[in-house]
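Numbers for residues simply follow the sequence, beginning at 1.
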Amino acid sequence: MVRCISLVLALLLCAAGAVMASERPENASDNMPYVWDEHIAEAAKDPKSAAKEAEVCLQTARMARELGDTDSALAYLTTGILLSPSAPLYNERGHVLYGLERDEEALLDYINAVELAPEDASLRYNCANVLNAMKRYAEAAFELDTAIKLDPQARYYHLRALMYGWQGQFEQALPDCDRAIELEPENAQYYDDRSMVLQWLDRYEEALRDSDQAVLLAPAQIDYYVNRSYAHFALEMYDEALADLDAAIAAQEGEAPESLAEKRAQLLEAIQKKADEGAE
């Protein structure tokens, strides 16, 4: 009961914004908001009380984040870290900062989380994800390799495949695509991504099979039809390529986006060019 009341009170504080005290905690940072009232300052004096209050801050921050209040989420996560730093607190704050496109700060939090829980593969995956976004591929590869050794999950292989693909290393990407699909054979995104890798390798018949599977598993996903149209075109299946783009356009509510209409026009132009070349 006491814990529930504490959470409710904390949520009320979230609604009111971060409460600042005149007494600043010694390890506070100028670029991070925090909540520091007399109750929290008192809890900070005892490690057990600080740890309990930090857990309340974590749960409160998660609730605030679900409500879209990132400022309050950030404030309570920072408060929790000031009270009793833990991997979940750093990890959660890393998520918030990454969502705010503060990648450098997010990475520091993810690194702190890994240092506190080095055997947690998901934390290394989070590090790799932001490192990929920053195009620091060698460091990302290290984190993903370690994550896979600790706990070989499909999403880890998938991210590593994407990382190879972004660098144009499609031969290296393909085995990771295969492994991701082996582990999660019902994930349409994995088939679509492998299709694109296969297309880059000029293996269009295999790519088409993967695109078919992606569309079968997720028929409402417009991008899968668009990507399949590329494989159809490469195999000179022009009617099917046009049908894919028509299906994508039809799936849109209201008018088709200009990008889809433009892709269809470009496809028609390419088909006509092929026809003209064949007639010469």
Quick one: pull up CG in Asn91 and CG in Leu116 and give me the separation to the nearest 0.5 Å.
11.0 Å
Centroid-to-centroid, Tyr110 to Tyr90, below 6.0 Å?
no
In the structure I gave you, are the side-chain heavy atoms of Ser195 and Gln199 within less than 4.5 Å of one another anywhere?
yes
Residues which pass ring-ring contact (aromatic ring centres under 6.0 Å, His included) with Tyr204, listed by chain and number, not counting sequence neighbours
none
Run the side-chain contact (heavy atoms from CB on, under 4.5 Å) test on Arg179 and Leu183 for me, step by step, so that the C-alpha distance in whole Å, both residues' side-chain angles and the decisive distance to 0.1 Å come before the verdict.
CA-CA 6 Å; Arg179 187 61 178 139; Leu183 291 169; 3.8 Å; yes
All heavy atoms of Tyr156 vs all of Leu144, minimum pair found to be O-CD2, 3.9 Å
Report the relative orientation of the aromatic rings in Trp166 and Tyr137; use parallel for angles under 30°, tilted for 30 to 60°, perpendicular for over 60°.
tilted
Check whether any side-chain N or O of Ser211 sits under 3.5 Å from a backbone N or O of Leu208 as a donor-acceptor pair, and report yes or no.
no
Donor-acceptor pair, side chain of Arg124 and main chain of Pro118, under 3.5 angstrom
yes
Extract all donor-acceptor atom pairs below 3.5 Å that involve side chains of residues 40-51 and protein atoms in other chains or at least two apart in sequence.
unit_1 : atom_1 : unit_2 : atom_2 : d
Glu42  : OE1    : Lys45  : NZ     : 3.2
Asp46  : OD2    : Lys48  : N      : 3.4
Asp46  : OD2    : Ser49  : N      : 2.9
Asp46  : OD2    : Ser49  : OG     : 3.0

When you measure from the side chain of Asn129 to the backbone of Tyr125, do you find a donor-acceptor pair of N or O atoms at a distance under 3.5 Å?
no
Shortest non-hydrogen contact from Tyr225 toward Ala248
CB-CB, 4.2 Å
Does CD in Gln169 sit with more than 12 non-hydrogen atoms of other residues, nucleotides or ligands closer than 6.0 Å?
yes
Output for pair (Met63 CE, Leu58 CG), nearest 0.5 Å, gives 10.0 Å
Kindly give the heavy-atom pair with the smallest separation between Thr70 and Val96, and that separation in Å.
O-CG1, 4.1 Å
Quick one: does Tyr191's side chain have a donor or acceptor within less than 3.5 Å of a partner on Pro185's backbone?
yes
